[in-house]
Every structure is written in structure tokens, then in C-alpha cells.
Amino acid sequence: MWTEEQIVPLALDPASARAGAELAVAARWTALVASETAISGVCQGGGTPYRVAVALHGPLILCSCPSRKRPCKHGLALLLLHVRDRAAFSDGAHPSWALEWLAPSTGRKAERGDKAVDTEAKAKRVADREAKVAAGVGELQRWLADLVIHGIADAPAREGAFWEGMAARLVDAQAPGLARRVRDLADVATSGVGWQERMLLRLGRLHLLVEAYPRQDALPADLRAEVRAQVGWTQSQEELMAQDGVRDQWQVLGTSFDDDGHLRTRRQWLAGVSSGRHALVLTFAVGNQPFMAAPPVGTRLDAELVFFPGASPMRALIKEILSAPTPVTTVKSLAGVAGLHALRAEMLASNPWRDVLPATLSSVIPVRDGERWLLRDAGGASLRLPNAFTRGWELLAISGGHPITIFGEARDDEILPLSILTEGRLVALTQELE
């Protein structure tokens, strides 16, 4: 069963949470129905009736309102009402519109299954893309060689067109993974003190990738899959979902967001209590399209995940959620900064293109060093917080100058805090930008 403490963090902002709470009154609703796995109803608020359905094991919140925010206030209100006033819901069958939303119709499945796959056309498309990608890789090899010969000293002064031009050509070559890495070089060049070392690290990884791609057939299967994924090849999610997954008690440790102006990406980090492995669930939204609701940070799910193939696979899909979330009260953590460096060495040995490493650090203290924020452990070792992180003073206030436990995304010599364990609760430090 959901609780109010678990529902409120689903809101994208305090205003949505307040509006949802105000609508969570039985008098504002009709046709309320509850089953073991879902709830549905029609909200009469605001003069226009809106149909709302929620799959409880997720939750998956669906609403007919035009709001860009998801979950919207109506979905939050229905969940809250179910917690506050279970007697307001009947135990009958859900209406047909709710059943259609919550589960794909048999007719549509059959229609998709009946379509014959044109294997010859598909093979031609794959071959055409292989040729484009190979040409893009070759051009990138020459571009990298020119960059190194010229030297990187003037990289911070390079105009954006220098980096974006190469990235755009890689997008045209259908190698979006390589384009992302080239754009990342532009950010590193202007990242401040120590940028030279970070630039060389990124250049080295990129060079290794473009050297590995033409030799992929000689690589082990898992490493070959990793190389192709890093370049930008994707795998059918339908095929993945048909495979057996890993069932565990998965803790939702943190969420971060990226926005390149066209595509927004949500990265959700999970950790298996029994398996001890991390999982990264990616969700994408184009333009103003909202993200679907996801289990909030600080909750634990009995769920089955399927992992994309690769070296030390981490990206995953949630195949099935088998229980409502429960609170996370403890997390497994690393022994200071040295523990993080040891984990990074282990991960890079199996996958040299692992740019971001999920890490939980215990007994660290946020400190101010000039214009930068650091996390310092008991041995005096420290990690920088990114310039983009603006909640350093809040971290310091929460810690009171005492050691705390933080989960974040570690990159090179930095870590971006995403959540903090305080008073037996894991609290998110990030929120989707409007």
C-alpha cells in the first residue's frame, strides 16, 4: 500500500503537491473504482471532468487533462484519496477507458504480431547504417589526430562551432553516442582548474572507442555489444523484455536530469539489496513532453529488471514491479574516497567507457574551499562538487559540519550529489527542471 509520505515526492514541484492534496476529497470525484492493481475515477474539479487511472505497482499515472506535468495534480489526488478514504472506492470492474489505458488491447497486440517482418529491407537498412557509421568513425579518427597534433592548450578558447561541427557530422553518420562524447569535450574544456587532465582522459577513451569499433568482430560478445552501444547502436526493448530478468529488492537511490534543448533525459539509479549491483533506468522526453511517473527516490521495490548487454552491464529496464514501494532506511556505502577510487579502477578494468559511476559515500563532510565545494572524508581525501551544483550551503546545513552519507554520480575527480541519508531517510537533492 502507498502512503502519503511516498506519494508527495512524486510531485514535480510543491505547487503540484498542494493542488493534488486539495483535490483529494471524495466530493470532487465520481466513478471511483479500486482493484488490487489499479484505481480509476473521474475528477470534477475546475469545471471540466478528467478521467484518471493509476496502476499501483509503479505507479503509472494516466490522466486526460492537458497539463504538461506528469504526474499531474489529478493523478496525485487520486492516489492520495485512495490512501485517505479507501471506502470511497467501489470494488467493481474498471470502466472500459481505464482498462484500455492500463493494458494494451488484445486487438492491437494481434495487429502488431500479424505484420510480417521484411527481413531483406531490414538487412539493407542495417548495412546502409553500418557504412555511414564506419565513415563517421573514420572522420572522427582524423579529427582527433589533428586535435592532438595541434595541441589542446587553446581548447578553452575554441568556438562552439569547432566542437558542434564534428558532433553534427557524427549525428548525420548515425553515431549519436560519438556525437555526445564530442560535445562533452567542449564542456570539459571550460570546466576550470584541472581541465587539461580531464580532457586527456576523455580524449583517450574516445580514441580507444574509435579504434575498437573497426575491430569489433574480434572482441568478446559482451565487449562488442558495449562498443556498439557506446557508438550509438540500440537494442530492441521488446526483445529485452522477453528475456529473464534479475529480481531483487531494488532501492531507488537518486535521479538526475539532462536537457540538450531538444531531448530531455532522466537517469534513475537503483541498487539491488541482494545482488549488490547497480542499475540505470533511462527515460526520454522530447520537447515539452512530460516524463512518465517513476518510483520516487528513497523507496525500495520488489521488482524484476532486465539489463542491456555490454561489459559490466548497468543500463536496465524495469520489466515488472511486484510490490508497492517501501522506505529506504539504510544503504550500502563505500569506505571514503579511497573506496570510490578502488571501485572506479575495478569498473574501468571491465569497461573503459564507464564515464559515470554511481557511488554512495559515508562519513564525508561538505566543506568550502575558495569558490568550490568539496566532500572530505575522515582521512582528509576529498572530491570536488561540480560547478553546476548549487546546494552546497544546504548540504553543509544538513550535516552541521558532521559526517553524512551521500549518493551521487562520480565523474573523474568530481561527484554530483543526488540524495542524502538523514535521520533514517534517503532524501532527493535533485528535481526535474521546468
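Residue numbers run from 1 in the order of the sequence given.
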Do F89 and L81 touch side chain to side chain, with heavy atoms closer than 4.5 Å? yes
Heavy-atom side-chain contact between L223 and N351 under 4.5 Å: no
R372 side chain to L385 main-chain N or O, any donor-acceptor pair under 3.5 Å? yes
Please answer whether the main-chain N or O of A381 pairs with a side-chain N or O of D377 as donor and acceptor at a distance below 3.5 Å. yes
Keeping the roles fixed (side chain from S323, backbone from D302), state whether a donor-acceptor pair exists under 3.5 Å. yes
Do E4 and R84 meet the salt-bridge criterion of a basic N to acidic O distance under 4.0 Å? yes
Decide if atom CD of E197 counts as having more than 12 heavy atoms of other residues, nucleotides or ligands within a radius under 6.0 Å. no
Do we see a donor-acceptor contact under 3.5 Å between the side chains of R267 and S256? yes
Shortest non-hydrogen pair, W353 vs L208, comes out as CZ2-CG, 3.8 Å
Any donor-acceptor pair under 3.5 Å linking the side chain of W29 with the backbone of L23? yes
So among R205, R344, R411, which one has a salt bridge (Lys or Arg N to Asp or Glu O under 4.0 Å) with D355? R205
Donor-acceptor pair, distance only, cut-off 3.5 Å: does the side chain of E304 make one with the backbone of G245? yes
Would you say the side-chain atoms of R129 pair up with the backbone N or O of Q174, donor to acceptor, closer than 3.5 Å? yes
Exercise: identify the closest heavy-atom pair between I152 and W195: O-CH2, 3.0 Å
Check this for me: does any side-chain nitrogen of one of D258 and R264 sit under 4.0 Å from a carboxylate oxygen of the other? no
Indicate yes or no: does R18 engage E22 in a salt bridge with an N to O separation below 4.0 Å. no
Are the side chain of R158 and the backbone of D154 linked by a donor-acceptor contact shorter than 3.5 Å? no
Quick one: does any side-chain atom of W250 pair with a main-chain N or O of L270 as donor and acceptor, under 3.5 Å? no
Given the ring of F257, does R266 sit roughly above its face, with NZ or CZ under 6.0 Å from the centre of the six-membered ring and within 45° of the axis? no
Please report the closest heavy-atom contact between C63 and V52, naming both atoms and the distance. SG-CG2, 3.8 Å
Residues D172 and K132 bridged, charged N to O under 4.0 Å: no
Could you go through the side-chain contact (heavy atoms from CB on, under 4.5 Å) check for T37 and L56 one step at a time? CA-CA 5 Å; T37 59; L56 295 173; 5.8 Å; no
Short question: side chain of S419, backbone of L429 - any donor-acceptor pair under 3.5 Å? no
Let me see the working for L253 and T360 under side-chain contact (heavy atoms from CB on, under 4.5 Å), right down to the final yes or no. CA-CA 9 Å; L253 297 183; T360 304; 4.2 Å; yes
Is a side-chain donor-acceptor pair under 3.5 Å present for S191 with R198? yes
Give a yes or no on whether a salt bridge exists between E130 and R125, defined as a side-chain N under 4.0 angstrom from a carboxylate O. no
E409 and W269 side chains, donor-acceptor separation under 3.5 Å: yes
Can you see which heavy atom on L426 is nearest to which on V252, and at what distance? CD2-O, 3.8 Å
On a heavy-atom basis, which atom in A173 and which in G136 lie closest, and how many Å separate them? CB-CA, 3.8 Å
Apply side-chain contact (heavy atoms from CB on, under 4.5 Å) to the pair V427 and L421, showing each step before the final yes or no. CA-CA 6 Å; V427 179; L421 187 67; over 6 Å; no
Between S333 and S362, is any side-chain donor less than 3.5 angstrom from a side-chain acceptor? yes
Less than 6.0 angstrom separating the ring centers of W143 and F162, yes or no? yes
Any side-chain donor near an acceptor of the partner, Q230 and E226, under 3.5 Å: yes
How about P358 and F407: do any of their side-chain heavy atoms sit closer than 4.5 Å? yes
Under a 4.5 Å cut-off applied to non-hydrogen side-chain atoms, are D222 and S350 in contact? no
Is the side chain of Q268 donor-acceptor paired with the backbone N or O of P295 at a distance under 3.5 Å, no angle test? yes
Can you name the nearest heavy-atom pair linking V182 to A167, along with the distance? CG1-N, 4.1 Å
Are R384 and F389 in a cation-pi setup, meaning NZ or CZ lies under 6.0 angstrom from the ring centre and within 45 degrees of the ring axis? no
Answer yes when R277 and D248 have at least one side-chain N-carboxylate O distance shorter than 4.0 Å, and no when they do not. no
Trace of the side-chain contact (heavy atoms from CB on, under 4.5 Å) decision for Y213 with R228: CA-CA 7 Å; Y213 189 79; R228 291 180 68 80; 3.9 Å; yes
